[in-house]
*Asks:* 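Before we start, here is the structure in question, set down as structure tokens.
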Amino acid sequence: MAEVDSFQNLLAARMFLKTSLEKSRTVASGLEKTGPRLEEIKQRLSSLEAAVRPLRAQKCSLAAVGGHISRAVGPAAAVLKVFDAIHGLEKSLSSDPTSDLYGYLLVVKRLEEALRFLAENCGLAIRWLEDVVEFLKDNGVTDDHRYLSNVTKSLNILRELQASEERARLDGGLLSAAYDKLETEYRRLLGENGVPLPIISSSSSIVAPSSLPVFVIQKLQATIERLRANNRLENCISTYIDIRSSNVTACLEALGLDYLEISIFEFDNFLNMESSVDLWSKHLEYAVKNLLELEYQLCNDVFEKIGSDVSMDCFARIAIQSGFLAFIQFGNTVTESKKDAVKLFKLLKIFHTLNELRLDFNRLFGGKSCIEIRIPTRHLIKRVIDGACEIFWELLPQVEAHKGTSPPSNGSVPSLVSFVVDYCNQLLQDDYRPTMIQVLEIHQNWKHQKFQEELLRKEVRNIVEAVQRNLDAWSKAYEDTSLSYIFLMNNHCHLYKALKGTSLGNLIGDSQLKEHKKNKDYYASIYLRESWGMLPGLLGHEDETLFSGGRAMACSLVKKKLKAFNEALDGTYKKQSNWDVADENLRKRICQLVVDAIVPVYRSYIQKYGHFIEQDGIKNVKIYSEEGLVSMLSSMFQPKKGKCYSINTRHSIDKMSEIVTSRFPSTTVVA
């Protein structure tokens, strides 16, 4: 069985080999026939390759630039989409921001972002497309399919969009117009919500500053933040300063500050200068604590997000533009005016006011932006202190310089005495004493001298003692001793009454006051004895002589005595009729003492011997009625009008000699 199978396999292999041999003969015959044809095809491929080579290069070039085009298409498409969005914002931006400021600010912000995107991507796409165009041209790519034309057209569109973005930011552009509207709304918010309000009080009518509501401040902050991001912060600051400074100016002008502009010449002749200094003090305090304090807080609130430097600079410019420096200039005018004794009180008033406002000044004007206010203020304080101390230290020498001058011819109180007493007493009162001490201490420290607590009291005591020495010297200058007694009586009375219960009286002590009272009574009694003591003796009773010599002799003796009495009475009255006793109680007392010394004696004499004159008709002998004599004697020593003096009289310390001899209106006001 195995042998049969092996035979069959051999037969099959013989058949396969026979068939393969026949196919090989057929293929060999075909190859012999196709040889020439392959040679012909080879020759044709060379020419075909030369024809296809340009197409292959163009295909490679397009494949290379494809990446560039793909990169440029994305940004270009996004730019076009954003540009369409900008056109959609135009309607919202054309509306009035008043109705919805925050919504308008949001639209403006979106426009800024869109334009920023254009600025960033439009340029990038343009550069890429420019590279594509340049590449196509450099590689000689033909424009059969308008690739180059389309790319160039797209490039021009993008360039136009970029120009539109730039125009939107320029004046007249969409974004610029939106900023203009925001600035207009910003000005409206400031103008309509910060108008000063008139307030009528019981004492005066003023214009009060107006603050800004919180919601307005928030709107201003949001507007400033938007405009600041687009280089318009300075416009916001300028607008704010113009409006707020005009409000402060209106408030100040309502106070009536014309006196601040007074010249030095007008100052020296201005009778109401003392009241002007008082007004200055009141108005300065109002300006600092109310007007500028409010502006300081508002500047900090409105420009809080910008920074303290901006807010302080803004506040400083408001203060300067509103005319605040006129207060400082007025103080300088006071220091430059004519040197007067009473000018010291004005200087102390100015220093006290500035010192009370010192903390406010340091806080409000402490920044570098306020140097235009801070430096002039420091200079003013120095000039005030120097001027006050100069006047103070000249008081004693000026009083001593009048020791050799003539006293009043009527025996009244010299104006210098009244002036110095009232002046020193006022200087020791609480209104001026602490300030004077502080000024002296500062001045001593500037000179590196040790300050003594009792310096003021000691110097005032020295001035009073100089006045007393002057009184002693003046009393000796009278030729009439009776007038010197009237003079001393008047002055001791004046000193006692002027010092009693006062700060100056407390300084010199009770013992000195009692001494003045004692001296007043002492000189009154001496005056009475020296001036009127001899008159009663002229009417002495001589009954024995009258009756022993007969009637004729009696009549002659009565006539002689009455005549002598009348001459002495008339002479004394006439001489002393121009003497003054200003104190009413003292004047009445002196007159009553004279009446008591003269009238009873005269009445008794007339009652006893007057009948001789009446019966014998003796002529040329004046007989006074009791009422007439009392009236005449009681009318003596009346003060003359215009000779009274008060501390309110204006005097130059350089011409204090005029105080002694000149007449001063009692209504004159300190200048």
Side-chain angles (χ1 to χ4, degrees), residues 341-342 344-345 348 392-393 395-400 402-403 407-408 411-438 440 451-476 484-529 580-590 592-593 637 639 644-648 659-660:
V342 290
L344 174 61
F345 296 112
L348 292 179
F392 177 78
W393 291 115
L395 292 175
L396 178 58
Q398 289 294 334
V399 172
E400 292 175 336
H402 287 81
K403 185 176 181 180
S412 62
V413 177
S415 297
L416 176 66
V417 174
S418 300
F419 176 84
V420 171
V421 169
D422 291 340
Y423 189 94
C424 291
N425 189 56
Q426 190 171 354
L427 195 58
L428 290 175
Q429 291 176 2
D430 292 340
D431 290 341
Y432 295 105
R433 177 179 48 79
T435 306
M436 187 73 247
I437 292 175
Q438 188 175 6
L440 290 171
F451 176 72
Q452 300 177 356
E453 293 293 335
E454 293 296 315
L455 183 61
L456 174 62
R457 293 168 60 88
K458 180 180 179 181
E459 188 66 12
V460 170
R461 190 181 291 109
N462 291 338
I463 293 173
V464 174
E465 291 175 355
V467 169
Q468 293 176 344
R469 290 193 297 270
N470 286 1
L471 290 177
D472 293 337
W474 287 332
S475 67
K476 297 175 182 177
S484 69
Y485 299 145
I486 286 289
F487 172 78
L488 290 170
M489 177 192 70
N490 275 329
N491 281 276
H492 283 291
C493 177
H494 174 77
L495 290 173
Y496 174 75
K497 300 192 80 171
L499 297 175
K500 184 179 180 181
T502 65
S503 300
L504 184 56
N506 294 335
L507 175 64
I508 66 173
D510 289 339
S511 60
Q512 187 65 41
L513 285 177
K514 292 178 181 179
E515 192 68 23
H516 286 305
K517 184 178 181 181
K518 180 180 177 181
N519 286 335
K520 175 199 69 174
D521 296 336
Y522 171 74
Y523 288 114
S525 63
I526 294 182
Y527 158 75
L528 187 64
R529 185 179 69 232
D580 283 356
V581 177
D583 184 79
E584 183 178 2
N585 292 330
L586 179 60
R587 183 173 64 252
K588 289 181 178 180
R589 181 188 171 202
I590 292 298
Q592 187 60 47
L593 289 175
F637 312 121
C644 296
Y645 175 82
S646 74
I647 188 63
N648 290 330
I659 300 176
V660 180

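Position 1 is the first residue of the sequence; numbering continues from there.
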*Asks:* Does Asp580 use its side chain to pair, donor to acceptor, with the backbone of Phe637 at less than 3.5 Å?
*Replies:* no
*Asks:* Tell me, please, which residues at least two apart from Asp431 pass side-chain contact (heavy atoms from CB on, under 4.5 Å).
*Replies:* none
*Asks:* Got Gln468 and His516 here, is their nearest side-chain heavy-atom distance under 4.5 Å?
*Replies:* yes
*Asks:* Taking only residues two or more places apart in sequence or in another chain, which ones pass salt bridge (Lys or Arg N to Asp or Glu O under 4.0 Å) with Glu465?
*Replies:* none
*Asks:* Is the shortest heavy-atom distance from the side chain of Phe487 to the side chain of Val413 under 4.5 Å?
*Replies:* no
*Asks:* Could you walk me through whether Met489 and Val581 pass side-chain contact (heavy atoms from CB on, under 4.5 Å), step by step?
*Replies:* CA-CA 9 Å; Met489 177 192 70; Val581 177; 4.0 Å; yes
*Asks:* What pairs meet the salt bridge (charged side-chain N to carboxylate O under 4.0 Å, His left out) rule with one or both residues in residues 467-476, with sequence neighbours excluded?
*Replies:* Glu400-Arg469
*Asks:* Apply the test side-chain contact (heavy atoms from CB on, under 4.5 Å) to residues Ile463 and Tyr423: give CA-CA distance (whole Å), side-chain angles for both, the deciding distance (0.1 Å), then the verdict.
*Replies:* CA-CA 11 Å; Ile463 293 173; Tyr423 189 94; over 6 Å; no
*Asks:* Is a side-chain donor or acceptor of Asn462 paired with a backbone partner of Lys458 at a separation under 3.5 angstrom?
*Replies:* yes
*Asks:* I'd like to check the side-chain contact (heavy atoms from CB on, under 4.5 Å) partners of Phe451; sequence neighbours left out, ordered by chain and number.
*Replies:* Ile437, Leu440, Glu441, Gln444, Glu453, Leu455
*Asks:* Are Asn490 and Ser412 close enough that a side-chain donor and a side-chain acceptor fall under 3.5 Å?
*Replies:* no
*Asks:* Do the non-hydrogen side-chain atoms of Leu348 and Leu427 ever get within less than 4.5 Å of each other?
*Replies:* yes
*Asks:* Indicate yes or no: at least one non-hydrogen side-chain atom of Glu515 is less than 4.5 angstrom from one of Tyr496.
*Replies:* no
*Asks:* Quick one: salt bridge (Lys or Arg N to Asp or Glu O under 4.0 Å) partners of Asp430, sequence neighbours excluded?
*Replies:* Arg433
*Asks:* What residues form a side-chain contact (heavy atoms from CB on, under 4.5 Å) with Asp583, not counting sequence neighbours?
*Replies:* Cys493, Lys497, Asn585, Leu586
*Asks:* Using salt bridge (Lys or Arg N to Asp or Glu O under 4.0 Å) as the criterion, list what pairs up with Arg529, not counting sequence neighbours.
*Replies:* none
*Asks:* Just jot down the side-chain contact (heavy atoms from CB on, under 4.5 Å) partners of Leu488, sequence neighbours excluded, or say none.
*Replies:* Ser475, His492, Tyr523
*Asks:* Mind checking what makes ring-ring contact (aromatic ring centres under 6.0 Å, His included) contact with Tyr485, not counting sequence neighbours?
*Replies:* none
*Asks:* Suppose the criterion is salt bridge (charged side-chain N to carboxylate O under 4.0 Å, His left out): which pairs have a residue in residues 499-514, not counting sequence neighbours?
*Replies:* none
*Asks:* With heavy-atom distances below 4.5 Å as the criterion, would you say the side chains of Val467 and Leu416 are in contact?
*Replies:* no
*Asks:* Kindly write out the residues that satisfy salt bridge (Lys or Arg N to Asp or Glu O under 4.0 Å) with Arg461, not counting sequence neighbours, or none if the list is empty.
*Replies:* none
*Asks:* Within the structure provided, determine whether Val417 and Trp474 are in side-chain contact (heavy-atom separation under 4.5 Å).
*Replies:* yes
*Asks:* Mind checking what makes side-chain hydrogen bond (donor to acceptor under 3.5 Å, both in side chains) contact with Gln438, not counting sequence neighbours?
*Replies:* Asn355
*Asks:* Given side chains that start at C-beta, do those of Arg587 and Pro639 come closer than 4.5 Å, heavy atoms only?
*Replies:* yes
*Asks:* Could you give me the CA-CA distance, side-chain angles and deciding distance for Val464 and Leu507, then say whether side-chain contact (heavy atoms from CB on, under 4.5 Å) is met?
*Replies:* CA-CA 10 Å; Val464 174; Leu507 175 64; 6.0 Å; no
*Asks:* Quick check for you: to the nearest 0.5 Å, what is the distance between Glu459 atom CD and Phe392 atom CZ?
*Replies:* 5.0 Å
*Asks:* Can you tell if the side chain of Asn470 reaches within under 4.5 Å of the side chain of Pro414, non-hydrogen atoms only?
*Replies:* no
*Asks:* Rounded to the nearest 0.5 Å, what separation is found between the OG1 atom of Thr502 and the CG atom of Leu428?
*Replies:* 8.5 Å
